**Q** 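Quick one: the structure is below, questions incoming.
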Amino acid sequence: MKKVLALVFVLVLGALIMNHLNDNNLFAGFGDAMLENRVSQSYIDRDATENNDGVVFDESLDLESGAANTVTAIVADYRSFDTLGEVTVLFISSFGVALLLGQSKKRIALEFKPNFMLKIGSRALFAVILMTGVFVSIHGHLTPGGGFPGGAMIASSMLLLYLADDEFRAKMRGFKILESVMGVFYIILGLAGLMITGFFLENFLDNGALGTLFSAGMIPIVYIIIGLKVGSEISSVIDHFLSEEGA
Amino acid sequence: MEIISGVFLIIGGLFYALGGLGIFRMPDTFDRIQAGTKATTLGAFSILIGVAFMFPSWSLKLFLIALFIVLSNPIGSSALAKATYRSFGGPSNVERDDLKEFLGGTKDVD
Amino acid sequence: MITIIVFGLIGLGLLFALMRLIIGPTVADRVVSLDTFNVIVIGIIVMLSFVFERSLYLDIAIIYAILAFLETIVFARYLEGHYGNH
Amino acid sequence: MKYVATFLVLFGSYLLLAGITLEEVIVGAIVSLVLSVIISNMVSYNIDAKFPLRLALFIVMYVPVFLIELIKSNVNIALRVINPSLPIHPGFVKVKTALTGDFQKLLLANSITLTPGTLSVDIDGEYLYIHTVDVTTADAKASKIGAKFERIIGVIFK
């Protein structure tokens, strides 16, 4: 009975999609894209100041996105909704690892004890690496990098502690809470944009002067959120791989 | 200023080349670790100082790089040395081996 | 002129390290030469930022240094675990 | 006290990364404050109240000696590498140290690694295990490698 129902459901869905594809209602303009109207071309042709008089660091105010790093402007401002999807993909993969490897309690003890110098020195280096990760996340709109590399750096500081200290185990609950809270913050930010400007994830903050820390509107906030989220997700993946099931 | 910077840069390059040569010429892994760690550390320092002479405003970041290298390089190479001794044993040409009693067995002493 | 000489010397170092990476009889030798390689590459990035006069590239040098250190540690722990019971 | 020291380390590394402007100082202070609370709960180490004095002593006494030794060690290794006959007599030496604190021992081990012809492999209790390029030198025979640094570090962390 269930199988028949599923078959009927899939057939109805397929018929609907095919019907709409034929009408060109679901995907307007499907199949007849106009090359001169492509998104990438309009980004290339676009001018940041409207009147072609160039952009000066620390002086140019109220540019369209205000980020010195163009890639960041695209990832975290123009295409912020896609980035939300990317973060979700990462969340699902870490969730999948958690499901596959199970809720584990005990940390796998590596067979050989770590070197003494590594054990002590990692505690100092860990702080520097963590700080660099946070720095990269915060300065995504000014320097190369951004939330994703910053999050990876945060996770690699955790990996260093896992490798250097046999007893170390991160507080997984803390990571999970941080991860969820950051996801919620991202959505709230998007909803705030929807409330204030009428578009989801639209920038509603002042753009500031190009090249300073407090500029580019929402981009630094978005990238801090992404950095913490990615960092906690990858850290939880590392933890799951280094833990064993059972008591 | 440019002359001082150039001298430091060339010294740095020279030590990098010597580090590479040391890695290539030394007969066993531990000596290679020694040559690789030391020569390249001073090479990196030299190049950082040379660049700092030309661009004094960058010196904070250059200092951070130097700090990180001087902290991480010895730790990494000693971890590597221990791992090498554990997995491949000591080299055959040693003239004195006090480490055997500590790391010689396959079981961990710790 | 100076930059050409410096890059030449660094390239020489890289070449020797690469040769050790290829012929190195054991895995440990390869990892050691890779470690040296990484420190040399940090120098190259700093030199590039010097040539192009962009302090932005120094950020990349810092991040590369951190990741290179982690790579060395991971390889060292792997060697211990994998070849430990010889 | 532990929180203050952690905060100072984090804040220092942030300022080194970001440069000193008013905005960066404010943001760096906030970030370091939050991270220092988290890190202090996550990683265990202890720092006592004489930290600033020690840092000053460290810079005045330790750094110059260290730099000179680093240059000496590099010239030493370079000469050995260039020499066509490769004059090396490798070996492992066990050295006893009087230092007790973890951080002191780490500092000593790192200094030994970056000084002429020696590489510390591991520390077990009060013994350091050192690989040296030349076991025939007087230092290695008497197991006095790193004695100079041990004295300086002992003074700094008295």
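Residue numbers start from 1 in every chain, and the chains themselves are labelled A, B, ... in the order their sequence lines are given, proteins ahead of strands. Predicted model, so just to flag it, every value in this text is computed and none were measured.
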**Q** Quick check: do Glu233(A) and Phe91(A) have side-chain heavy atoms less than 4.5 Å from each other?
**A**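 SC-SC contact between Glu233(A) and Phe91(A) confirmed.
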**Q** Side chain, backbone, both or neither: which part of Leu17(D) has a non-hydrogen atom closer than 4.5 Å to chain A?
**A**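 Contact with chain A involves both backbone and side-chain atoms of Leu17(D).
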**Q** Decide yes or no on side chain to side chain contact (heavy atoms under 4.5 Å, CB included) for Leu33(D) and Phe11(D), but give the supporting numbers first.
**A** CA-CA 8 Å; Leu33(D) 204 65; Phe11(D) 194 44; over 6 Å; no
**Q** Pick whichever of Val31(D), Leu10(D), Leu35(D), Asn110(D) has the most heavy-atom pairs under 4.5 Å with chain A.
**A**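 Of Val31(D), Leu10(D), Leu35(D), Asn110(D), Leu10(D) has the most heavy-atom pairs under 4.5 Å with chain A.
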**Q** Heavy-atom distances under 4.5 Å only: say whether Leu118(A) touches chain D with side chain, backbone, both or neither.
**A**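 No part of Leu118(A) comes within 4.5 Å of chain D.
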**Q** Any idea which heavy atoms bring Leu228(A) and Met182(A) closest together, and the distance?
**A**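 Heavy-atom minimum between the residues: CD1-CE, 3.6 Å.
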**Q** Please classify the contact between Thr143(A) and chain D as side chain, backbone, both or neither, with a heavy-atom cut-off of under 4.5 Å.
**A**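 The answer is neither part of Thr143(A).
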**Q** May I ask you to test the Phe126(A)-Met158(A) pair for a side-chain heavy-atom distance under 4.5 Å?
**A**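 They are in contact (side-chain heavy atoms under 4.5 Å apart), so the answer is yes.
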**Q** Which region of Thr113(D), side chain (C-beta onward) or backbone (N, CA, C, O), has a non-hydrogen atom less than 4.5 Å from a non-hydrogen atom of chain A, or is it both or neither?
**A**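 Neither the backbone nor the side chain of Thr113(D) comes within 4.5 Å of chain A.
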**Q** Does Tyr62(D) have more than 12 heavy atoms from other residues, nucleotides or ligands lying within 6.0 Å of its OH?
**A**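 Enclosed.
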